[in-house]
Asks: 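Got a structure here, written out as structure tokens. Questions coming.
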Amino acid sequence: MAQKGIREFDAKRMMAKALPEFSNGKIRFEAAQVLIGANTDLQKLEQENPWLKAGKLVAKPDQLFGKRGLNNLLFVNKTWPEVQKWIAERMNKTVTIKQTTGVTTGKLNQFLVEKFIPHEDEYYLAITTHRENDTIHFSTKGGVNIEEVWDSVVTLEIPILKEIEEMDVAGFLPEELGAKKEIVAEFIIALYKMLVKYHFVYLELNPFTFVNGVPVALDAVAKVDDYASYQCAQYWGELKFPSPFGLEKTPEEERVDELDERTGASLKLTILNPAGRIWNLVAGGGASVIYADTVVDLGYTKELANYGEYSGDPSQELTYAYTKTVLDLMTRQKDPEGRPKYLLIGGGIANFTDVAKTFTGIVQAIKEYQQKLKETNVKIYVRRGGPNYVEGLNIMKDLGTKLGIPIEVYGPETHMTKIVSMALGKKVGE
Amino acid sequence: MKNYELFDRNTRAFIYGAQEKAAQRMLDFDYLCKRDIPSVAGFITPTGGGYYKLFWGTKEIRIPRYITLAEAIKANPDADVMVNFASERSCAELTMEAVETENIRTIIMIAEGVPQRDVRKIAKIAREKGKWIIGPATVGGIKPGCFKIGNAAGTIQNIRDTKLYRPGSVGFVSVSGGLSNEGYNIVARNTDGIYEGYAVGGDVYPATTLIDHLLRYEQNPKIKMMVALGEVGGKDEYQIIQAIEEKKLTKPLVMWVTGTCAEMLPNGVQFGHAGANADGKDDTAKAKNTALRKAGVIVPNSFEDYDQKIKETFEKLQADGKIEKLAEPTPPNVPMDYSQAVAEGLVRKPTNFISTICDETGEIHNYCGVPIDQVIKEKYGIGGVLGLLWFKKKLPQYARDFIELVIQIVADHGPAVSGAHNTIVTARAGKGLIESIISGIVTIGPRFGGAVNGAAQHFSWGLEHNLEPREFIDQMKKKNVRVQGIGHRIHSIDNPDERCEIMMNFAKDHFPKHPLLDYALSVQAVTTMKKNTLILNVDGTIGVLFVDLLKSLNYEDEEIKEMIDMGFFNAFFIIGRTMGFMGHYFDQKRLKTPLYRHPWDDILYDVPSKPEEVK
């Protein structure tokens with residue numbers, strides 16, 4: 001994925017580093033903040049950050065979700081002992097939060113603690129990126145749900161081939177800013193330069209305020225383009241991309257992530273329902289979505305066990321490891337009603353991936369799970385095309401006969417998703 | 001070529017990167033389409049010039065390699081396409097370079113992972129210049145009968161099956177490169193075939209989008225209907241709706257947006273493509289499909305009946321008389337690559353070489369079936385490794401130890417012997433390591449070091465024929481052959497050579513049997529009666545003990561004879577002494593010794609006053 005959300009902590013850390021540089025030193029502030037996880041050594045943290053004990057603090061979860069005030073997860077103007085207690089009570093607790101996009105349940109495990117900044121003014125600033133331009137959004141009515149005061153938001157579009165210097169930034173800002181207009185414009189220019197050079201694709205400060213006449217972000221939401229990580233390593237520093245809130249990974253998903261990171265090939269696995277009866281083992285990013293779609297379109301959403309794909313010509317070793325992970329998950333328990341489970345080894349017509357070769361890894365894993373597959377009453381459906389597909393399909397056919405596992409095998413003459421309805425014995429609309 | 005066409009039958013392209021396989025696939029397609037000239041004008045490979053050899057049918061042709069794009073353009077001013085296989089790190093920069101040229105009009109960015117901002121800039125500049133970019137993160141596309149981009153459309157068999165060698169009436173465009181081939185297949189099975197087909201790539205901001213290509217298809221009178229495959233995420237599909245509303249798109253369009261499952265799944269599941277992620281409710285597949293249907297696009301209920309909708313639409317056009325009957329050319333046969341034929345089990349050929357001592361084709365190289373890591377872990381040692389490579393046996397410990405003992409004993413014998421002398425002289429002549437040690441090694445033979453083989457031969461002959469020691473010596477004398485391995489300059493029966501003692505004692509302590517040593521010693525007893533320095537020397541000891549070693553390892557006499565004949569025994573001397581030669585070489589180089597010239601006073605000049613005259 002190209003656009004990745006980053007923690008508020010990291011966004012502020014990068015701003016503290018970049019803004020002085022991009023504003024000729026004018027916009028400078030101390031980033032007094034720490035990130036606390038379940039295993040953080042608090043004593044060491046305290047020693048390294050004496051400000052923690054010196055004044056009032058703010059604490060909040062830092063896990064890529066907003067509306068923390070609304071969800072009672074904002075702890076403001078408190079002492080370090082109070083903050084520690086507050087975090088301890090919430091660490092590793094499962095909570096359900098409400099956001100504009102819906103309700104999400106997840107586990108709290110990362111908290112941001114920063115210096116409390118007493119303030120009155122709260123402003124809104126966001127930079128969004130689009131195909132042909134970037135857009136700067138500004139409002140003097142920050143700190144609230146911005147949609148409610150959208151009329152107050154002014155915007156400035158910066159065409160992709162223009163530099164921020166060519167734009168009249170001060171000119172688009174509202175008059176009510178008065179004397180602050182100039183410094184806000186400088187703040188925006190510096191932020192925009194950072195956005196470009198650091199390959200941010202989204203940045204929202206809601207709100208930011210002023211400390212000694214310098215704009216300081218109180219909250220920050222940001223996404224970066226992880227395709228640019230090779231250019232940005234020096235700017236980003238040590239940057240980890242957390243999973244979206246509520247989407248904590250299972251050990252199996254993490255294992256597949258590790259396999260994925262190890263090579264240029266792509267391996268993805270998301271477990272949707274471990275008790276589901278329909279398991280996808282699909283080649284290709286595009287095809288994998290269509291197989292999942294078809295299961296949903298046929299009305300079997302609840303039975304859909306996983307989303308996953310393998311592509312980019314993975315080695316035999318990788319497909320073997322990947323298949324094993326899927327087979328292990330699907331054969332852990334029998335269907336309580338004794339119904340069969342389905343493994344859909346699907347895919348389109350490959351351009352250059354050697355189908356027979358990728359199948360050898362899958363075959364190896366199936367052989368290993370022969371007994372378990374029988375015990376869990378698994379039926380296998382195969383559909384694939386591409387280089388050496390005839391040989392690949394023959395390998396699969398032979399395997400079924402040899403192992404005594406029902407395997408049905410189809411090639412390009414059969415519509416790609418036909419095996420879904422064959423397995424489920426149903427057509428869309430029925 | 002019209003503005004709305006990207007390629008024709010004469011289009012020629014540069015390939016950035018050493019992508020010989022992709023280029024071969026392009027040339028095979030060209031051949032199948034009976035193009036007059038290959039579509040690959042050249043490769044741009046900054047690592048080197050020259051050429052690559054590729055096939056044109058059965059014939060091999062040379063395709064030039066250029067260091068820079070500028071150089072390639074200068075040599076091929078007609079080429080207007082660049083298929084850019086550069087990695088995601090340099091893809092943007094190289095594409096920009098191509099965009100800025102006069103000549104290049106269409107660029108395909110294959111890499112996945114090109115930063116968005118870079119692509120957005122390139123896309124904008126290209127658009128302003130009226131140029132076309134396909135990608136990034138794509139396999140490319142195909143224009144049947146004209147031009148194929150890189151690896152698009154898969155194998156020649158697939159191209160044949162889906163009739164991609166001649167144009168049909170359908171313009172196809174998808175987001176996914178992996179699915180484009182599936183799309184061509186579906187279109188081929190339900191219509192008269194593809195006229196043009198591309199995958200714009202699964203990134204958030206592909207440089208050209210579905211609508212860009214659909215608008216081209218709209219202008220092309222050869223294209224009668226359009227088929228598209230969109231994806232959840234982004235708002236590019238809404239441009240299609242707008243174009244329909246503005247009557248810019250009027251031809252029948254069958255389209256499906258994949259990702260209908262996304263809404264049923266937990267938030268934040270990332271699909272295989274970077275762009276496939278719904279941020280707002282307009283981005284969902286369902287919303288897009290509904291909006292498209294409302295605008296008059298032919299949208300199936302699911303991917304399941306995508307093929308049916310395509311078929312129905314085509315048949316309707318056919319019934320309305322809008323589809324012309326196509327000429328059906330017979331494509332020529334494209335020879336299969338040898339490697340492909342091997343993979344499919346269709347051909348075989350006898351090998352010219354055979355190796356029975358090792359194999360480097362597997363995961364880890366092996367010596368006579370023992371993987372090298374195991375050789376180290378199980379401490380085979382030099383003796384054990386020679387056992388595997390020379391004897392093809394897992395030798396017992398005493399045999400390994402004996403081999404190593406011999407190698408250590410023969411490692412050097414001072415600078416004066418012929419081999420070391422030659423090495424030194426050559427090193428001093430300014431030659432390198434290889435020449436210097438070779439000049440030393442070539443002196444090894446019957447007179448220098450070679451006595452090992454000779455001694456083994458002679459004593460074995462004696463023992464084999466049950467000759468008493470005295471008889472053996474007499475017979476050798478009668479044949480006028482000096483017994484090899486007997487005699488020393490200094491050592492004698494009273495002043496034995498310590499090296500020989502060590503080897504003999506080792507054999508006596510560890511070899512299960514040592515008949516030839518016993519025989520040689522009985523011969524020595526006779527020869528030393530004549531002169532006390534006529535003892536079994538180092539070469540002789542090594543020779544006879546190797547025969548005893550082989551006998552202990554259950555080798556037959558015939559096999560031992562064969563091994564002696566092929567110089568097996570000298571091999572231990574060569575391997576040992578080469579260590580010494582190298583020592584002398586390094587010594588001379590470190591000392592920076594000058595060219596050696598033999599002194600006149602060491603040469604007897606005895607030249608006749610005039611040559612003998614031959615009448």
Side-chain angles (χ1 to χ4, degrees), chain A residues 1-3 101-102 104 129 131-132 159-161 196 199 201 225 227-228 230-231 243-244 246-247 266 268 270 272 283-290 292-298 301 304 307 309 311 348-352 356 385-388 391 412-413 415-418 420-421 427-429, chain B residues 21 25 88-89 113-117 120-121 123-125 139 151-155 158 161 174-182 184-186 189 202-205 229 231-232 258-262 264-277 285 301-305 307 343-344:
Chain A
M1 168 180 197
Q3 304 196 339
T101 49
T104 319
T129 57
R131 173 178 290 280
E132 298 212 338
I160 179 75
L161 298 179
V196 171
H199 283 268
V201 292
D225 176 5
Y227 282 172
Y230 66 92
Q231 295 178 10
S243 304
L247 206 75
S266 168
K268 301 220 158 32
T270 305
L272 304 170
S288 61
V289 176
I290 296 186
D293 281 356
T294 308
V295 174
V296 170
D297 294 342
L298 287 170
T301 310
L304 183 60
Y307 167 77
E309 63 120 353
S311 60
I349 301 172
N351 287 300
F352 52 91
N388 283 331
E391 197 194 336
E413 71 292 342
H415 190 57
M416 191 176 85
T417 50
K418 207 92 208 159
V420 182
S421 49
K427 281 187 181 157
V428 175
Chain B
K21 276 191 184 162
R25 290 182 175 122
E88 67 276 16
R89 290 176 180 232
V114 182
Q116 287 172 26
R117 186 164 290 274
R120 289 164 58 202
K121 279 188 184 163
K124 182 71 181 170
I125 293 169
V139 69
N151 295 314
T155 58
N158 185 59
D161 291 348
S174 69
V175 169
S176 160
L179 278 177
S180 57
N181 212 3
E182 189 64 43
Y184 307 152
N185 181 46
I186 295 171
R189 286 176 194 279
D203 268 3
V204 180
Y205 300 113
L229 197 54
E231 231 173 53
V232 59
T258 73
T260 49
C261 65
M264 307 297 201
L265 308 182
N267 229 353
V269 172
Q270 176 58 44
F271 292 133
H273 289 153
N277 208 3
N301 294 315
S302 143
F303 190 78
E304 278 281 271
D305 56 345
D307 55 344
E344 293 187 17

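We name chains A, B, ... by the order of the sequence lines, and we start the count at 1 in each one. The shown structure was predicted, so the numbers you read here are calculated from the model rather than taken from an experiment.
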Asks: Would you indicate whether the side-chain heavy atoms of B:L179 and A:M416 approach each other to under 4.5 Å?
Replies: yes
Asks: Which atom pair, heavy atoms only, marks the closest approach of A:G348 to B:E182?
Replies: CA-OE1, 2.9 Å
Asks: Among B:G113, B:A153, B:A123, single out the residue with the greatest number of heavy-atom pairs under 4.5 Å to chain A.
Replies: B:G113
Asks: Less than 4.0 Å between a side-chain N and a carboxylate O, is that true for B:R120 and A:E132?
Replies: no
Asks: Without swapping roles, check the side chain of B:N158 against the backbone of A:G386 for a donor-acceptor pair under 3.5 Å.
Replies: no
Asks: Against chain A, work out which of B:G154, B:S174, B:P115 has the most heavy-atom pairs shorter than 4.5 Å and name it.
Replies: B:P115
Asks: Please look at A:S311 and chain B and tell me whether the side chain, the backbone, both or neither of the residue comes under 4.5 angstrom of a heavy atom of that chain.
Replies: neither
Asks: Would B:R25 and A:F352 satisfy side chain to side chain contact (heavy atoms under 4.5 Å, CB included), going step by step from the backbone distance to the final call?
Replies: CA-CA 10 Å; B:R25 290 182 175 122; A:F352 52 91; 3.8 Å; yes
Asks: In terms of heavy-atom proximity below 4.5 Å to chain A, should B:D307 be classed as side chain, backbone, both, or neither?
Replies: both
Asks: Side chain, backbone, both or neither: which part of A:T417 has a heavy atom under 4.5 Å from chain B?
Replies: both
Asks: When you compare the side chain of B:Q116 with that of A:Q3, does any pair of heavy atoms fall below 4.5 Å?
Replies: yes
Asks: Do any N or O atoms from the side chain of A:N351 and from the backbone of B:A152 form a donor-acceptor pair under 3.5 angstrom?
Replies: no
Asks: State, yes or no, whether a side-chain contact exists between A:Y227 and B:E88 at a heavy-atom distance under 4.5 Å.
Replies: no
Asks: Answer with side chain, backbone, both or neither: which region of A:Q231 has an atom nearer than 4.5 Å to a non-hydrogen atom of chain B?
Replies: side chain
Asks: Could you tell me which of B:I186, B:T155, B:N185 has the largest number of non-hydrogen atom pairs under 4.5 Å with chain A?
Replies: B:N185
Asks: How long is the gap from SG on B:C261 to CG on A:D297, to the nearest 0.5 Å?
Replies: 8.5 Å
Asks: B:R189 versus chain A, heavy atoms under 4.5 Å apart: side chain, backbone, both or neither?
Replies: side chain
Asks: How about B:E304 and A:S421: does a side-chain donor come under 3.5 Å of a side-chain acceptor?
Replies: yes
Asks: For B:R117, give me all partners under salt bridge (charged side-chain N to carboxylate O under 4.0 Å, His left out), at least two apart in sequence or on another chain.
Replies: A:D134
Asks: Check each atom of A:L161 against the heavy atoms of chain B and say whether the ones under 4.5 Å are side chain, backbone, both or neither.
Replies: side chain
Asks: List for me each residue that meets side-chain contact (heavy atoms from CB on, under 4.5 Å) alongside B:D161, sequence neighbours excluded, and say none if there are none.
Replies: B:Q157
Asks: Would you sort out whether B:Y205 and A:T129 count as a side chain to side chain contact (heavy atoms under 4.5 Å, CB included), showing the intermediate values?
Replies: CA-CA 11 Å; B:Y205 300 113; A:T129 57; 4.2 Å; yes
Asks: Which atoms of A:A287 come close to chain B, meaning under 4.5 Å heavy atom to heavy atom: side chain ones, backbone ones, both, or neither?
Replies: both
Asks: So which part of A:V295 gets closer than 4.5 Å to some heavy atom of chain B, the side chain, the backbone, both or neither?
Replies: neither
Asks: Give the member of A:A228, A:G385, A:P412 that has the highest number of heavy-atom pairs under 4.5 Å with chain B.
Replies: A:P412
Asks: Can a donor-acceptor pair be found, under 3.5 Å and without considering hydrogens, that links the side chain of A:H415 to the backbone of B:F303?
Replies: yes
Asks: Side-chain donor-acceptor pair under 3.5 Å between B:T258 and A:D293, yes or no?
Replies: no
